[in-house]
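Scroll down for the structure; my scribbles are underneath it.
For the single chain, residues carry numbers from 1 onward in sequence order.
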Amino acid sequence: MPLTEDQITQLAPDAASVKAGQQLATTSKWVSKAIHEKAMWGNCQGSGKNPYRTMVDLQKIAFKCSCPSRKFPCKHGLGLLYLYARASSDFTTAAALEPDVEEWVSKRAAKADAKEPKEETAAPKKTDAKGQEKRAEEREKKVSAGLEELRVWLRDLVRNGIHQIPSVSPSFYRTIAARMVDAQVPAMANALNRLHQLPYHQDGWQKPFLRRISSLYLLSEAYQYLPHVPVPLQTDIKTLIGWNTPKEQVLQQEGILDAWLVLSRELEEEDRLTTEHIWLVGQQHQRFALLLNFYPMGQVPQFALVVGTTITAELVYYPSAYPLRALVKGQQGLQPSTLPSAEPDFNSVLNQVAHALALQPFLEQLPFLVSEVKVVHQKEKWYLVDQHQHRLPLLNPEVEGWRVLATSAAAPFTAFIIYTPDGVTLRAYWVQQQFYPLP
């Protein structure tokens, strides 16, 4: 169970749980403790007569405890993991799971299997072909009319000049965004509403603003010529406009089985919705994958993927001209992580960027692993510099730049970056084989 204390801390719901869990990471607190390749369990003596029964599923990190805590995981689950990270030799290595642990793990596995699509046994649903065709035609008309209105709005915006844009309020975009919702193109509405989030207080705001509205215009134009573009790109265009591909349809595909290194995890909150972004890379196939999970505001993500760990899993990709987004079709467990192979320099990175954009011109970000880079601070700005002294703007907050500079001691390291037209964001890095994630 290759989890470090820092990785265990990622699982905690809050700082108080971290502190309480670390206080329980002592042998004297536990009546018994054992580990098996599938699970870990123990009995923690609390203030009551009977100890609390604590279990951890090690195949897909999950917790169960008999304590009354409503936090997930509770301090006992965290304490058991912390104790193993500090003193694994104190645990009994079990040849088999105890009955209650076996029952819990088996039920979890059966529940996961039940969620997978059963193509052979599922009864075909009756469909109203004519009704579906009519609804599709009606939506096509709404979308076409809405996108034509958007093109007119964008042309008027540029014709009148953009000098007043920094002073407008979010309501400036509200009317046209609402029209996009009516036209059943919600993704375009979201893109318009996000325009007011650009850093208009900084010099050079015109460049990202023009790039975004140009992309919207290009996307609306591309929709007009949809039948004339390659089928994979048609899917990208429709997805970016607002069509969704059902998960069940994606999961029917054959996946890629690999050891996937969890590179980063980020939470983004917008409009009472929390979006979880998890980036992985397959160590055998050298493919990146992005997992997107959505939660209502206030709900704690029940994630089981810990940054810096490697899971053996089968992933399936959403259809795309340049597939990145994926779903986990099956997960088999954790294994030790190793330093993945990386691009040698930025020239190689930019060549791949050009290739990706030739296939899918609407990509806004691309993941890369690149070796022998270091952070440099010059004239109040941060850069990532490769071994040939080529540099790209570093978009991380200043405090993260100083942190990387300190932990790397200004020496070259291997980095996981997200490339955008404005520069790169450093998400994780390795210094002398030691993995360091960034928030």
(message) Does this structure show an ion pair linking Lys141 with Glu137, if we count only N-O contacts that are shorter than 4.0 Å?
(response) no

(message) For His76 and Tyr52, I'd like to know if the aromatic rings sit close, meaning centre-to-centre distance below 6.0 Å.
(response) yes

Show the atom names and distances, to 0.1 Å, of all donor-acceptor pairs under 3.5 Å that link a side chain in residues 143-161 to residues at least two apart or in another chain.
from   : atom 1 : to     : atom 2 : distance (Å)
Ser144 : OG     : Glu140 : O      : 3.0
Glu148 : OE1    : Arg151 : NE     : 3.3
Glu148 : OE1    : Arg151 : NH2    : 2.6
Glu149 : OE1    : Arg179 : NE     : 2.6
Arg151 : NH1    : Ser220 : O      : 2.9
Arg151 : NH2    : Gln224 : OE1    : 3.4
Arg155 : NH1    : Tyr217 : OH     : 2.9
Asp156 : OD1    : Arg159 : NH1    : 2.6
Asn160 : ND2    : Asp156 : O      : 3.1

(request) If the plane angle is over 60° it's perpendicular, under 30° parallel, otherwise tilted; pick one for Trp205 and Phe209. (result) perpendicular

(message) Using a 6.0 Å distance limit plus a 45 degree cone around the ring axis, check whether Arg391 lies over the aromatic ring of Trp382.
(response) no

(request) Tell me, yes or no, whether the heavy-atom count around Glu254 atom CD, taken from other residues, nucleotides or ligands under 6.0 Å, exceeds 12. (result) no

(request) Hey, could you give me the CG/CD distance between Leu339 and Gln283, rounded to the nearest 0.5 Å? (result) 9.0 Å

(request) For Gln432, look at atom CD and say whether over 12 heavy atoms of other residues, nucleotides or ligands are found less than 6.0 Å away. (result) no

(request) May I ask you to decide whether Asp386 forms a salt bridge with Lys374, counting only side-chain N to carboxylate O separations under 4.0 Å? (result) no

May I have the list of side-chain donor-acceptor pairs in residues 312-320 shorter than 3.5 Å, sequence neighbours left out?
from   : atom 1 : to     : atom 2 : distance (Å)
Thr312 : OG1    : Gln335 : NE2    : 2.5
Glu314 : OE2    : Gly255 : N      : 3.0
Tyr317 : OH     : Phe288 : O      : 2.8
Ser320 : OG     : Asp236 : OD1    : 2.7
Ser320 : OG     : Asp236 : OD2    : 3.2
Ser320 : OG     : Tyr322 : N      : 3.0
Ser320 : OG     : Tyr322 : O      : 3.3

(message) Restricting to ring-ring contact (aromatic ring centres under 6.0 Å, His included), what partner residues turn up for His285, sequence neighbours left out?
(response) none

(message) Counting only heavy atoms from other residues, nucleotides and ligands, does the tally under 6.0 Å from CD of Gln286 exceed 12?
(response) yes

(message) Taking the ring of Phe413 and the ring of Trp430, is the distance between their centroids below 6.0 Å?
(response) no

